[in-house]
Engineer: 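Encoded as structure tokens, here's the structure I'll be asking about.
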Amino acid sequence: VDPFGEVYPAEAVIYGHDRVKVTSPVKNPVEVRYAYHNYYESSLFNNVGVPAAPFRLELPKRKKPALMWFDAEANIKRFSNPDSIDYYIDKIADLGFTHAAVCIRPITGYLLYDSELAPPYRGNYDDVKVDFDYLGKFIEAAHRRGIKVLASMNTFCAGHNFIDKGLVYEGHPEWASQVLDVDRGIIPITQQKNKYGAMVNPINPEYQDYIISVMKEIVTKYPQVDGIILDRVRYDGITADFSELSRREFEKYIGQKVKRFPDDILSLEKTGDDGKFKVIPGKHYLKWLEWRTKNITDFMARARREVKASKPDAIFSTYTGAWYPSYYEVGVNFASKNYDPSKDFDWATPAYKDLGYAELIDLYTTGNYYTDITIEESRNNPNTVWNETDSEGHSGSWYCVEGSCRHLRDIMGDNDVLGGVLVDQLYFDKSRLPRAIEMNLRASDGLMIFDIVHIINANLWKEIEDGMRAGGNIK
């Protein structure tokens, strides 16, 4: 029986007098049943030929990977004291967490360790003094408690648009993504002040070489770090990237000129005064989506290869949003290569299935960032959900924690998924936080919490403990 109550056939083999090995297609079984029908011809007998009676056995909950995220921008002041790192590492260890994602490259592109590749990050306004080895201290404290540390990076982002700060503002404006604005046409993303992250063009070869060098430096400079976790390995959205570089490379991909750029790919129709728009596909739209996704998958393959060459045992991990039905808008296919989305979605070409990158990832975390926990709740509360990267709202069974876990299992195959919780999204009803944690632990392969700052600010440690206990990570 799977976490959702679905029953599957299983095979059992008896070993000796007291052991039975059960094999089934269920990845996270919660119960085993034998002869659980109104009528069943027994196949299990004791040594004198008496058949076993029907039974059901609830399986014990097992501890699963659980990752706590330590964002740099939100936490730098608090964790500028080594004692704070010790204190909160001890706290999450006692709550059953197994991994810590420590952000050392916020959206500005500055770094939280000594490097010649970028300036040091000292807070958005350079008002925080960090006079010790920040990442090294996290590694020391975490390893003391048996927690693995993943160095987190905002990968295809290099500027903060709210404060005009970062690498794209200070020496590399050519890295900034060129986006299609519904009012102004094609402009640098640094001019879109409603977006705080200044994303880069993922295919810029100079930037790719640069960000790979950062990854390699981290795992070389910190041989004790357990791995890296990449965030924002994507396009900014459906409106990116419309640079001349992207035009040239796309024309090479399709083997012809795009006569009307960008209209032959897509155009935008304004739908109101709030910046919202409708996407009007052009004749090359589907090939454009395919090409962008290939770019991201190719980069992930290269990043894995380069990181593993520098540190073969490094955990190569990433985060994406969980909303697969619209995640094509950012050029990402995080599904298994064995899943064919063209059978389910009209935006996927037949070649799209070859671009799934799940098998490249050692540890995959995803944002099940929904306020409804169960499918039943979402049916009774049919709101439209706007995810961070969406150009339009969505509804349906994908957009709750349970539904997302179920759908992700279908597209991810045998690859593990750690379901994520965005803590401050549940401030309005704190009782949902432990339920979301429990659902992710039971229905996915683990848990990711973003971010520790939300727990600290709202003092939600009791809710975290209740969820971890109900999910089986602490007794």
Engineer: If you compare all heavy atoms of A72 against all heavy atoms of L112, which two are closest, and at what distance to 0.1 Å?
Structural biologist: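 For A72 and L112, the tightest heavy-atom pair comes out as CB-CD1, 3.7 Å.
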Engineer: Who pairs with K63 by salt bridge (Lys or Arg N to Asp or Glu O under 4.0 Å), at least two apart in sequence or on another chain?
Structural biologist: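 With neighbours one apart ignored, the set is empty.
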Engineer: What pairs with E402 under salt bridge (Lys or Arg N to Asp or Glu O under 4.0 Å), at least two apart in sequence or on another chain?
Structural biologist: none
Engineer: Show your working on side chain to side chain contact (heavy atoms under 4.5 Å, CB included) between T365 and W69 and close with a plain yes or no.
Structural biologist: CA-CA 11 Å; T365 67; W69 210 289; 4.2 Å; yes
Engineer: Using a 3.5 Å cut-off and no angle test, enumerate the donor-acceptor pairs between side-chain atoms of residues 196-207 and protein atoms at least two apart in sequence or in another chain.
Structural biologist:
unit_1, atom_1, unit_2, atom_2, d
Y196, OH, R232, NH2, 2.7
N201, OD1, I203, N, 3.2
N201, ND2, D241, OD1, 3.1
N201, ND2, S243, OG, 3.2
N201, ND2, S246, OG, 3.4
N204, OD1, E206, N, 3.0
N204, OD1, Y207, N, 2.9
E206, OE1, W175, NE1, 2.8
Y207, OH, R105, NH2, 3.2
Y207, OH, T155, O, 2.5

Engineer: Does the side chain of F299 reach to within under 4.5 Å of the side chain of Q208, using non-hydrogen atoms?
Structural biologist: yes
Engineer: Can you tell if the side chain of D86 reaches within under 4.5 Å of the side chain of E140, non-hydrogen atoms only?
Structural biologist: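 In short, these two side chains touch, coming nearer than 4.5 Å.
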Engineer: What I'd like to find out is whether the side chain of D231 reaches to under 4.5 Å of the side chain of M153, using heavy atoms alone.
Structural biologist: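 The answer is no; the side chains never approach within 4.5 Å.
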Engineer: For the residue pair F70 and N75, what are the closest heavy atoms and their distance?
Structural biologist: C-ND2, 3.8 Å
Engineer: Residues two or more places apart in sequence or in another chain: which of them pass side chain to side chain contact (heavy atoms under 4.5 Å, CB included) with S378?
Structural biologist: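 Side chain to side chain contact (heavy atoms under 4.5 Å, CB included) check on S378 returns D372, I375, C400.
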Engineer: I need the minimum non-hydrogen distance between A151 and I218, along with the two atoms involved.
Structural biologist: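 Between these two residues, the closest heavy atoms are CB-CG2, 3.8 Å.
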Engineer: Once side-chain hydrogen bond (donor to acceptor under 3.5 Å, both in side chains) is applied, do any residues pair with R305, and if so which ones, sequence neighbours excluded?
Structural biologist: none
Engineer: Which label fits Y328 and W347: parallel for a plane angle under 30°, tilted from 30 to 60°, or perpendicular past 60°?
Structural biologist: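 Ring orientation, 0 to 90° scale: parallel.
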Engineer: Do L460 and K430 come close enough that some side-chain heavy atom pair is under 4.5 Å?
Structural biologist: yes
Engineer: Determine all donor-acceptor pairs shorter than 3.5 Å in which one atom belongs to a side chain in residues 156-165; sequence neighbours excluded.
Structural biologist:
unit_1, atom_1, unit_2, atom_2, d
H160, ND1, F162, N, 3.3
H160, NE2, E73, OE2, 3.2
N161, OD1, Y169, OH, 2.6
N161, ND2, I189, O, 3.0
N161, ND2, Q192, O, 3.4
N161, ND2, K195, O, 2.9
D164, OD1, Y169, OH, 3.4
D164, OD1, K193, NZ, 2.6
K165, NZ, N124, O, 2.8
K165, NZ, D126, OD2, 2.9

Engineer: Please list all pairs passing the salt bridge (charged side-chain N to carboxylate O under 4.0 Å, His left out) test where one or both residues lie in residues 434-456, with sequence neighbours left out.
Structural biologist: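 For residues 434-456, and leaving out neighbouring residues, the salt bridge (charged side-chain N to carboxylate O under 4.0 Å, His left out) pairs sorted by first residue read K27-D445, E377-R435, R409-D445.
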Engineer: Please tell me if the side chains of V130 and I76 come closer than 4.5 Å, counting only heavy atoms from C-beta onward.
Structural biologist: yes
Engineer: Tell me which pairs pass ring-ring contact (aromatic ring centres under 6.0 Å, His included) where either residue lies in residues 405-429, with sequence neighbours left out.
Structural biologist: W398-H407
Engineer: For R379, which residues count as a salt bridge (Lys or Arg N to Asp or Glu O under 4.0 Å) partner, sequence neighbours excluded?
Structural biologist: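 With neighbours one apart ignored, the set is empty.
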Engineer: Show your working on salt bridge (charged side-chain N to carboxylate O under 4.0 Å, His left out) between D133 and K137 and close with a plain yes or no.
Structural biologist: CA-CA 6 Å; D133 184 354; K137 176 58 184 177; over 6 Å; no
Engineer: Measure across S444 and N440 and return the closest heavy-atom pair with its distance rounded to 0.1 Å.
Structural biologist: OG-O, 2.6 Å
Engineer: Could you tell me which residues satisfy side chain to side chain contact (heavy atoms under 4.5 Å, CB included) with D466, sequence neighbours excluded, listed by chain and number?
Structural biologist: P434, K462
Engineer: Are D90 and R144 close enough that some pair of their side-chain heavy atoms sits under 4.5 Å apart?
Structural biologist: yes
Engineer: Who are the side chain to side chain contact (heavy atoms under 4.5 Å, CB included) partners of N383, not counting sequence neighbours?
Structural biologist: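 For N383 the side chain to side chain contact (heavy atoms under 4.5 Å, CB included) partners, ignoring immediate neighbours, are N381.
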Engineer: Using side-chain heavy atoms (C-beta onward) and a distance below 4.5 Å, is F97 in contact with L447?
Structural biologist: yes
Engineer: For T293 and Y352: C-alpha separation, side-chain torsions, deciding distance, then whether side chain to side chain contact (heavy atoms under 4.5 Å, CB included) applies.
Structural biologist: CA-CA 8 Å; T293 302; Y352 204 93; 3.1 Å; yes
Engineer: So, for Y357 and F334, is the gap between ring centers shorter than 6.0 Å?
Structural biologist: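 Distance test on ring centres: not under 6.0 Å, no.
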Engineer: Mind checking side chain to side chain contact (heavy atoms under 4.5 Å, CB included) for P29 and listing every partner two or more places apart, or none if nothing turns up?
Structural biologist: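 Testing P29 for side chain to side chain contact (heavy atoms under 4.5 Å, CB included), a comparison that skips the adjacent residues, returns V26, L59.
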Engineer: For the aromatic rings, using the six-membered ring if either is Trp, is the centroid distance between Y134 and Y113 under 6.0 Å?
Structural biologist: no
Engineer: Quick test of your reading of the model: are D354 and K337 salt-bridged, counting only N-O distances below 4.0 Å?
Structural biologist: no
